[in-house]
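Take a look at the structure below.
Numbers for residues simply follow the sequence, beginning at 1. Worth saying up front: this structure is predicted, and the values here are computed from it rather than measured.
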Amino acid sequence: MEGHSGDIGVSDSELVDAVLRDLAEAADRWEAILAQAATITYSVDMGDLQAVANSDGKLVDLALHPSISGYSHHELADRLNLAFEALRDEAQADYNARYGGTLQ
């Protein structure tokens, strides 16, 4: 049984198959984009600490130099906040280069 699509020589099942193919191709493209995004990391090396975050903003590595043990709580917090700010700036610059606009 053919519907309106029969007027142009395409059966309903052919139309459904074409739409399903398009959806599968789009899903494959999104899967590839997400897989690539999962490999993106941002890093900062401040000498006394190194930090790495993934594209989701999760801190995946933090290395502290032994000299950091002489820092007060506030000094350490300030250094960590500077590192996190640098990671955010790097992620924002990457986002701007890839997609334009600002991160939400």
Side-chain angles (χ1 to χ4, degrees):
M1 175 179 204
E2 292 184 282
H4 296 290
S5 60
D7 297 339
I8 58 172
V10 178
S11 73
D12 288 342
S13 64
E14 289 171 324
L15 182 60
V16 168
D17 288 344
V19 169
L20 290 175
R21 266 192 314 277
D22 288 346
L23 289 173
E25 289 170 5
D28 289 344
R29 285 190 302 270
W30 272 110
E31 188 174 299
I33 289 169
L34 293 175
Q36 179 187 13
T39 66
I40 296 171
T41 59
Y42 306 102
S43 61
V44 61
D45 184 345
M46 298 174 57
D48 54 353
L49 67 88
Q50 296 84 36
V52 179
N54 66 15
S55 61
D56 289 333
K58 179 181 177 186
L59 186 64
V60 294
D61 190 30
L62 178 64
L64 305 176
H65 188 274
S67 66
I68 211 161
S69 65
Y71 290 5
S72 72
H73 171 77
H74 293 290
E75 290 169 326
L76 179 57
D78 287 344
R79 293 299 287 165
L80 288 169
N81 284 328
L82 283 173
F84 298 150
E85 183 177 341
L87 289 171
R88 279 191 302 273
D89 290 346
E90 187 177 339
Q92 182 64 62
D94 181 56
Y95 184 87
N96 287 344
R98 289 176 191 269
Y99 310 109
T102 58
L103 291 170
Q104 299 297 318

Please name all residues satisfying side chain to side chain contact (heavy atoms under 4.5 Å, CB included) with [X], sequence neighbours left out, ordered by chain then number.
{"X": "Glu90", "value": "Tyr42"}
{"X": "Leu59", "value": "Ala51, Leu62, Phe84, Leu87"}
{"X": "Ser69", "value": "none"}
{"X": "Glu31", "value": "none"}

For the backbone of Asp48 and the side chain of Arg79, can you confirm whether one donor and one acceptor N or O come within less than 3.5 Å of each other?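 Side chain of Arg79 to backbone of Asp48: no pair is present.
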Is a side-chain N or O of Asn54 found less than 3.5 angstrom from the main chain of Asp56, in a donor-acceptor match?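 Such a contact is found between Asn54 side chain and Asp56 backbone.
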Over all heavy atoms of both residues, which pair between Gly70 and Glu75 is shortest? Give the atoms and the distance, please.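 In this case the closest contact between Gly70 and Glu75 is O-OE1, 4.2 Å.
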With distance as the sole criterion, is a donor-acceptor pair present between the side chains of His74 and Ser72 under 3.5 Å?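 Result is no, nothing qualifies.
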Say whether Glu85 and Asn81, considering side chains only, have a donor N or O and an acceptor N or O under 3.5 Å apart.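 Checked: Glu85/Asn81 side chains show no N/O donor-acceptor pair below 3.5 Å.
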Can you tell me how far the NE2 atom of His65 sits from the CE atom of Met46, to the nearest 0.5 Å?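 Reported value, rounded in 0.5 Å steps: 14.0 Å.
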Which value, rounded to the nearest 0.5 Å, describes the distance between Tyr71 atom OH and Leu64 atom CG?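 CG of Leu64 is found 10.0 Å from OH of Tyr71.
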For Trp30, what are the other residues in its hydrophobic cluster, where any two members join if their side-chain heavy atoms are less than 4.5 angstrom apart?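 Ile33, which link up through side-chain heavy atoms under 4.5 Å apart, make up the rest of the cluster.
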With sequence neighbours left out, what residues match Asp78 under salt bridge (charged side-chain N to carboxylate O under 4.0 Å, His left out)?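 If we apply the salt bridge (charged side-chain N to carboxylate O under 4.0 Å, His left out) test to Asp78, skipping adjacent residues, there are no hits.
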Are Ile68 and Val44 co-members of a hydrophobic cluster defined by side-chain heavy atoms under 4.5 Å apart?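 Yes: a chain of side-chain contacts under 4.5 Å links Val44 to Ile68.
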